[in-house]
Amino acid sequence: MIRVHDTLTGKIVDLEPARPGRISMYVCGPTVYNQIHIGNARSMVWFDMIRRYLRYRGFEVMYVQNYTDVDDKIIERANLEGIAAEAVANKYEHAYELVMGALGAEQPDILVRATQHIEDMVAAIKGLIDRGMAYESGGNVWFSVEAFPGYGKLSNRSLDDMRAGERIEPSEHKRNPLDFALWKSAKEEEPSWPSPWGPGRPGWHIECSVMSTKYLGMGFDIHGGGSDLIFPHHENEIAQAEGLMGSEPFARNWLHAGMVQMEAEKMSKSLGNFVLTAEIVERFDPEAVRYWALMGSYRSQVTFSEATLNDATQAHSRWATFLTAARHALGDDAPTDLVTHRPVDAAEGEPLPQYVARAVEGLDDDFNSAAAFAAIHDLVREANRSIEGAQLNEPEAKKTLSGLLEQFLELTHLFGFTFPRTTEGTEILGALVEYLLELREDARKDKSFDRADAIRARLIEIGVAVEDTPAGPRWRIADNG
RNA sequence: GGCGGCGUGGCCGAGUGGUUUAGGCAAGGGCCUGCAAAGCCCUGUACAGCGGUUCGAUUCCGCUCGCCGCCUCCA
């Protein structure tokens, strides 16, 4: 049984899908008005990981993610750049896909855009008005928070609490200052769509209520996003969906990722204190960035620092180095297939391999990746010991190492690591390096260590690290220096 | 002010009512090596503070201090 932290109840609960064996999940994606920062990326990498894990555990996962491609910021940006709002959205969608791809995130099963669901939203808004949950005023439509008794249940606050906050400016059009926009009338030159209330565009929150239920149905299994979306965004989504359908729940489990901080402050596009993901992916190995994103609990907030990114790089390269070492030691006996599924309901009697079992135990518990990483590191230590000690010509020892390597590949693949640098390059590169190493071995045999060291030094400059072992030299792609 | 969370060894970061160490990074010592690199072994005696519950608390409760998030667009 997989257990997850559910924001609505505030508890760790058993993940019980509405339909056995299937998980439907919806994750709030970016508003595409500029590039994503590393905080956005961490969150999305985590939901990618959650999806991968659920699939690994045997669920058939339907993963829907949205692009908010119409909103004030996009319009602002379009005016600034002198291009159409649509062009702005397209541009940053591409940028998003590029950088998330680099981080090893898989494409959602369904990618939805607000602008492609305007009619659905108009219909939903009409329905809300009909049900007395919303009202029109001057071309705008507002959701009436007082009409939805459950308002505040996700973020655990009451209307009274919020009023005390005093931070929301009352609008003459609103009956209650906390009422939020379902439909905004368009000003001149703004992108707009026809509606019964005049030309305009949807409010931000309605798109997610409409698109999630359209593709996944009411009562889908997991709704995810950053913790900053709890209020008002997700609170409003619940109000809209449940208000419209007259039933609950909108979503069965709410998962929220912790924020990335800059120093002692939240990284935020509006604060301007962000680090672009594209820049980080440029400067660090993308897999190391993924390691960084996944090394702590998804719920924790983390402070961004290059030092931590460097730690992650080192830790990740320990795995990469092990992979080449193990392959070198095993040669043709290295495993090629890897296990990609460990269903929760798998037949009893077939215990999981040791380290896989540890990782699964951790991950079943609200995706405790740190426990799983620890298991992988312990696995690597044991395997390195066996490479070291190693009479690897003994079949028994080889078999042990091979088994460990299988577990390693299974687990790292589960986390989305493929270690491209260990297999990077063409056969020609490999052949060239092998040839140089032959020359170097000749030199070493002649005790011409100067020559041998010169070759090694040159190779490391180029980015190829050479390590001598009793079984001959091995090499790997490495940072130079 | 309301709601939520956090404070673990130099840093990052799990976890637990007690007897055996999370893990990683960094540091020091050692082994291995022609020299390296990689790896392996060893070392550091951590749980903000103060009370309480308990035979026993880092782990439960209360308080104090400090920090952060949400309450406005935001992953």
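Order of the sequence lines fixes the chain letters, A, B, ..., with proteins taken first and strands second; residue numbering starts at 1 for each chain. Quantities reported herein were computed from a predicted structural model and do not represent experimental measurements.
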Q) Just checking, A:R77 and A:Y33: is the charged tip under 6.0 Å from the six-membered ring centre and within 45° of the axis? A) no
Q: Ignoring backbone atoms, test whether A:N156 places a side-chain nitrogen or oxygen under 4.0 Å from the OP1 or OP2 oxygen of B:G4.
A: yes
Q.
Check this one for me: any side-chain N or O of A:R381 less than 4.0 Å away from OP1 or OP2 of B:G24?
A. yes
**Q.** Aromatic-base stack, A:F449 on B:G34, cutoff 5.5 Å, angle under 30
**A.** yes
**Q.** Phosphate-side-chain proximity, A:K447 and B:C35, N/O vs OP1/OP2 below 4.0 Å
**A.** no
(Q) Please report the distance, rounded to the nearest Å, between CZ in A:F304 and P in B:G13. (A) 13 Å
Q. Heavy-atom distance under 4.5 Å between the side chains of A:P473 and A:R456, does that happen here?
A. no
Q.
Distance check, C1' atoms only: B:A37 and B:C32, in whole angstrom units.
A. 12 Å
Q | Chi angles and distances behind the side-chain contact (heavy atoms from CB on, under 4.5 Å) call for A:R440, A:L436 | A | CA-CA 6 Å; A:R440 179 167 170 272; A:L436 288 167; over 6 Å; no
Q) Does B:A27 have a Watson-Crick or wobble partner in any strand here, with both distances under 3.5 angstrom, and which is it? A) B:U43
Q: Tell me the partner of B:G56, counting only Watson-Crick (N1-N3 plus N6-O4 or O6-N4) or G-U wobble (N1-O2 and O6-N3) with both under 3.5 Å; none if nothing fits.
A: none
Q.
Rounding to an integer number of angstrom, what distance separates B:A57 and B:U8 when you compare their C1' atoms?
A. 14 Å
